[in-house]
Amino acid sequence: MELELGLALPNHSANNNGFETENHKEYRQKRVFLEDHSATGVEGTTLSLLSWSGVAEMEDGVGRPPKYRKPHDDGGPRRFEGWPPTDSSPRRRRSHLTATEQVVRKSMHVKVKMEGVAIGRKVDLRDFDSYHDLTSTLMDMFAKYSKIESGEEYTLLYLDKEGDWMLVGDLDWEEFVESVRRVKMLKNDNKMGFRLLLSKN
Amino acid sequence: MDQDHKKLKESPFPCEGLEKVLSFIDSHKDRSSASLVCKDWYDAERWTRSKLFIGNCYSVSPEIVARRFPKIKSVRLKGKPRFSDFNLLPQDWGANVHAWLVMFAKVYPSLEELRLKRMTVSDESLDLLARSFPGFKALSLSSCDGFTDEGLKAIATHCRTLTELDIADSVTVDIGGGWLSCFPEGFASLEILNFASLQCEVSFDALERLVSRCRALRVLKVNESINLEQLQRLLVQVPHLTGLGTGSFMQELTPRQYEGVQSAFSNCKNLQVLSGLWDATSLYLPLVYGACASLTFLNLSEADLRSGELAKFLPHCTSLRRLWVIDTVGDKGLEAVGLSCPLLEELRVFPIDPYDLDNRQGVTEVGFLAVSRGCPNLNYVLYFCRKMTNDAVATIVQNCPDFTHFRLCIMNPGEPDHLTNEPMDEAFGAVSKTCTKLRRLSVSGLLTDMAFEYIGKFAKNLETLSVAFAGSSDRGMQCVLEGCPKLRKLEIRDCLFGNAALLSGLDKYETMRSLWMSACNLTIKGCRLLAKEMPRLNVEVIQDEWSDETHANKVYVYRSLAGPRQDAPPFVLTLGGEDI
């Protein structure tokens, strides 16, 4: 079953200017391609390995007032287990909320939905270090659970932390991981334009 | 039992009269009061009680219950302390319903209703339930765990007179959807079906057939696996629904399908409760507008709406009393709430991403103020935000003095008033002073003992208090324990209250349901002292990686007629007051 995905590395430097405006996120119209995992790999810039300490330091910035430090503080990133208390809402089911886990994102579970498949799958982004890695795993995963027609092409969208659906591939892998909350895989067919509109929240 | 009845007949007050009168009393609090009048009244009450409410499953044993109440038809049972929702309780802590079911099967064969909250329910238990009560009608599992497809299959297969199956936000992992297909072809009694929280794919055929058979169905909440087209087919069967939870809105509809779905919604003239709406976008949200005229409860906590979308939606819901939203609607969205929902009584605003540290997202005091101005009947609020001010809260409670439930969660621990940089003490002082009917309060932000002085001094109707990352000394907790006469549940985490604070409540804890303290400054010694002084309390220390021989990191104290737990796992230490 040969599956092809639309994804590639950005050929621009990772500045965030395109994402500053709050209400008018434009979709990048370019279609981007990635070879499937049997190919030689992606051309272009090499991705740096994901560095998790960056995330931890961000969490540190919240900082608990010193007088509330736990007696056995190991001095590492603060861990406010079970805080904020959002489990009282039905939303705890959503995997992009780590409400049931510690604040320092020990796990980075993200829900992935493929068009045509009723129930999504969850992946832990820490298991991957590149777009290539992620997308090939996703295709394998869905191929196992659902019937995917050969030659079917998919476009990947992701829900960013600002609540907008964006085309996957516009950010550096690291920035992507920090920003992504959910992933959607839509079939590439001639209704693509409509789909993109549909996905715009 | 015959002896007792004979005794009743001999009493001066005709027992038939007393029993008849008592049979009209539903409230368990009133019944409790009645039972304390005298022995005759105690006996008459226990013979006529049919509804059982147990707020803490460990406060009493199945045997004690069976001895006292011979004729129970309906049971409401709660298990784990609330902080278990936030992962503060280890797995396998307890609150397993099985022993209760074994007793019910023996003593209450005509049991009709079972409503559980925060209990562990195994498949074996569900099977026992399904086979033991021929007239069983209603099962409700709220925030429960431990069961799978197999247990639900047993319920569907064997409960011939089932009217309600409600699996509200119970935790199930990788559950299958085959259970829905197990309802027999002749089964048609269902009135309430809620499987919205189950992550499984059900057979739509089976669901459609079930819905078409159950003519009395009034509440249907499906899960995310049901799409719009399928929802339409269900709605045309049961347009008289009073409660609907939709499936996913992520589907591409042709114009014809769009019209079909829209028309199906418009035919739902009786809808009072609407939820679900996963992935609802501005494109398809208008589909539901036609069903919203009589809506009293709109639950948008699964739909990440923006302010504009909410502003367009709300004018269609003129009767709204309860609204749940996500903070993606922003302060602007809440302004729309203030403008469009004059009858609003309850507002809950959930954070889309509690760990978003950009501080750009969400709502602030501005939104809350706007709602309070437009919704004077507001009495219940749950509000997650990143910033708040004392002045705003003071104004809010001036606008809405009738709060019974005020749950404010400023998400950064220890966050001060963002304009004055002062503690948030005055905010909760204002709430305590102004809201004389206040029964439940959750505090947050930077708080000193002053906040608790206010609460102790003014919140005379307070029953439940939740505290985190607050207080400056033991005095804070002491103020609350000494000042709030109706306090029933006190849950505290990450505060510096120590043994002196704990022991200041010696006389109090037997009048309360429970006390939870975690990540505070309690020691085993202090807990032992409490246990020694108050032998009718269960003083339990839960040992975890933060505990050692002296530090008691998680402490759960509750009154109990049943004595120490018989089923405590090894990491739960029940203190008996020996060797101080």
Side-chain angles (χ1 to χ4, degrees), chain A residues 22-23 55 58-59 61-73 78 80-105 113 115 117-120 122 159 161-165 181-182 184 186 191 194-195 197-201, chain B residues 82-83 85-88 168-169 196-197 199-201 224-227 248 250 252 275 281-284 299 301-302 304-306 324 326 328 348 350-358 360-361 382 384 409 411-414 442 446 466 468-469 472 493-496 519 521 545-546 548 551 553:
Chain A
E22 300 226 284
N23 292 316
V55 178
M58 268 179 81
E59 308 285 349
V62 172
R64 211 169 157 195
K67 59 180 171 173
Y68 299 116
R69 283 204 191 284
K70 280 190 180 148
H72 301 265
D73 185 15
R78 296 308 309 140
F80 303 129
E81 180 167 12
W83 185 263
T86 51
D87 280 29
S88 47
S89 88
R91 292 180 56 77
R92 70 181 161 160
R93 292 195 293 284
R94 305 191 80 156
S95 60
H96 76 266
L97 277 183
T98 52
T100 55
E101 286 149 341
Q102 296 179 337
V103 174
V104 173
R105 292 172 85 177
K113 266 195 125 157
E115 186 185 355
V117 178
I119 298 285
K122 271 199 261 190
L159 183 71
K161 61 186 173 186
E162 270 139 30
D164 294 300
W165 286 100
R181 295 297 182 260
R182 282 185 133 188
K184 243 188 328 212
L186 302 182
K191 297 190 207 133
F194 180 84
R195 283 172 206 284
L197 181 66
L198 186 71
S199 304
K200 195 175 159 85
N201 204 358
Chain B
R82 195 177 76 95
F83 278 179
D85 287 351
F86 316 128
N87 254 22
L88 291 185
D169 46 86
S197 70
Q199 300 275 324
C200 64
E201 207 167 328
E224 229 175 319
S225 74
I226 303 296
N227 65 31
S248 167
M250 183 156 89
E252 187 195 319
S275 61
T281 65
S282 48
L283 212 56
Y284 290 147
N299 179 352
S301 64
E302 300 288 345
D304 319 344
L305 297 192
R306 298 304 192 82
W324 295 12
I326 302 174
T328 48
R348 301 195 196 196
F350 298 103
I352 179 134
D353 185 353
Y355 312 122
D356 181 352
L357 300 168
D358 287 347
R360 286 194 281 151
Q361 289 293 307
L382 169 61
F384 284 90
C409 180
M411 287 187 273
N412 296 339
S442 295
L446 181 64
S466 307
F469 306 104
S472 18
R493 62 165 291 177
D494 292 274
C495 296
L496 26 67
N521 277 348
E545 69 268 23
W546 297 104
D548 55 32
H551 177 63
N553 196 54

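Lettering of chains follows the sequences in order, A, B, ..., and the numbering in each one begins at 1. Just so we're clear, the structure is a prediction, and the values are computed from it rather than from any experiment.
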Expected output: side-chain R493(B) to main-chain G82(A) donor-acceptor under 3.5 Å = yes

Rounded distance [0.5 Å steps], CG in D304(B) versus CZ in R181(A) = 11.5 Å

Look only at the side chain of W83(A) and the backbone of M411(B), and say whether a donor-acceptor pair between them is shorter than 3.5 Å.
-> yes

Please flag which part of S248(B) lies under 4.5 Å from any non-hydrogen atom of chain A: side chain, backbone, both or neither.
-> side chain

Could you tell me whether the side chain of K113(A) reaches within less than 4.5 Å of the side chain of E224(B), counting heavy atoms only?
-> yes

Correct closest heavy-atom pair for T86(A) and F384(B) would be CG2-CE2, 3.7 Å

